[in-house]
Amino acid sequence: MCNMAKIVCENCGTSYKYEIAKNMEICPVCGKNLWDNEENNDAGNSSIQEEPEDGLMYFDEIVEYEDAPEYSHVSVYCGECKEFNDLELDKFDKLVDKEYVILKEDITLTCRGCGKEHKPRKILYKRKDSYAPPLPRCPLCNSAMLKKIKTSSKVLAAATLGAFALPYNSKTFECRNCGYRF
């Protein structure tokens, strides 16, 4: 079985990693059986997916403000269009940071971007990939092995060399591979 394989409960739509779900008999979210019989783990009320399900919503973080609780929310994004939705904390039954959140019974979640409705009450944690800023690279050798030039060394250069330190002080990074400053 592939490392990326997931088991999805056909009743509530919750997905689990295959390695974890192969030892479970019932879905912890809805309580229905995941398998018809225990001998054949590939049949039953579940389906195996090789790719993550795109139509689901995922939550990225739970933001809680002690000073202003009315601004506390859960940042949710659509797995299909990557549009963000912020939901107030009073719309959730259970909050388990870095694992899942469960919506209240009467709450329906619809994406603002594509309009797709999130069917299951459980929203899994999945950090959005777009947060990582692109790594700077050396323009000469394309190396990512860079050292940031410290402000203290720029001040020291300005104090000792005066106006002649201006070309050095205008640079931000130094390549550890080729020594180029940019």
> Given the rule in the side chain to side chain contact (heavy atoms under 4.5 Å, CB included) test, do Phe92 and Leu103 qualify, once you have shown the distances and angles that lead to the verdict?
Replying inline: CA-CA 4 Å; Phe92 296 96; Leu103 288 167; 3.5 Å; yes
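- Hydrophobic clustering of Ile, Leu, Val, Met, Phe, Trp and Tyr side chains at less than 4.5 Å, counting indirect connections, keeps Val74 apart from Val63.
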> Given the rule in the side chain to side chain contact (heavy atoms under 4.5 Å, CB included) test, do Arg181 and Glu174 qualify, once you have shown the distances and angles that lead to the verdict?
Replying inline: CA-CA 4 Å; Arg181 292 184 181 130; Glu174 180 179 353; 3.7 Å; yes
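- The two atoms that bring Lys126 and Asp60 nearest to each other are O-OD1, 4.0 Å, heavy atoms only.
- In the hydrophobic clustering of ILVMFWY residues, with side-chain heavy atoms under 4.5 Å counting as a link, Met57 and Leu89 come out together.
- Among all heavy-atom pairs drawn from Cys141 and Asn177, the shortest one is SG-ND2, 3.5 Å.
- No continuous path of ILVMFWY side-chain contacts below 4.5 Å connects Met145 to Tyr180, so the two sit in separate hydrophobic clusters.
- Here the shortest heavy-atom pairing between Glu83 and Cys111 reads CB-SG, 4.0 Å.
- Summarising the hydrophobic clusters (Ile, Leu, Val, Met, Phe, Trp, Tyr; side-chain heavy atoms under 4.5 Å, direct or chained), the residues clustered with Phe164 are Leu161.
- His73 contributes no side-chain N or O that, together with a main-chain N or O of Asp86, makes up a donor-acceptor pair within less than 3.5 Å.
- Taken to the nearest 0.5 Å, the NZ atom of Lys119 stands 9.0 Å off from the NZ atom of Lys116.
- When all heavy atoms are compared, the tightest approach of Pro136 to Phe173 is CG-CZ, 4.0 Å.
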> Can you list the steps and then say if Tyr100 with Lys94 is a side-chain hydrogen bond (donor to acceptor under 3.5 Å, both in side chains)?
Replying inline: CA-CA 8 Å; Tyr100 63 89; Lys94 188 171 183 181; 3.3 Å; yes
>> Apply side chain to side chain contact (heavy atoms under 4.5 Å, CB included) to residues Ile62 and Tyr125 and explain how you reach the verdict.
In response: CA-CA 10 Å; Ile62 299 172; Tyr125 172 79; over 6 Å; no
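- One hydrophobic cluster, built from ILVMFWY side chains closer than 4.5 Å, holds both Ile107 and Phe59.
- Leu109 places a side-chain heavy atom less than 4.5 Å from the side chain of Ile123.
- Of all heavy-atom pairs spanning Ile149 and Lys171, the tightest one is CD1-CB, 3.9 Å.
- Val155 and Tyr168 end up in different hydrophobic clusters when Ile, Leu, Val, Met, Phe, Trp and Tyr side chains are linked at under 4.5 Å.
- Here the closest heavy-atom approach between residue Pro120 and residue His118 is recorded as O-CD2, 3.0 Å.
- The backbone N or O of Glu117 lies less than 3.5 Å from no partner atom in the side chain of Thr110, so there is not a single donor-acceptor pair.
- For Asn169, the side-chain contact (heavy atoms from CB on, under 4.5 Å) partners two or more places apart in sequence, or in a different chain, are Lys154, Ala157, Ala158, Ala165.
- Separation of atoms OG (Ser72) and CD (Glu64) is listed at 5.5 Å; rounding is to 0.5 Å.
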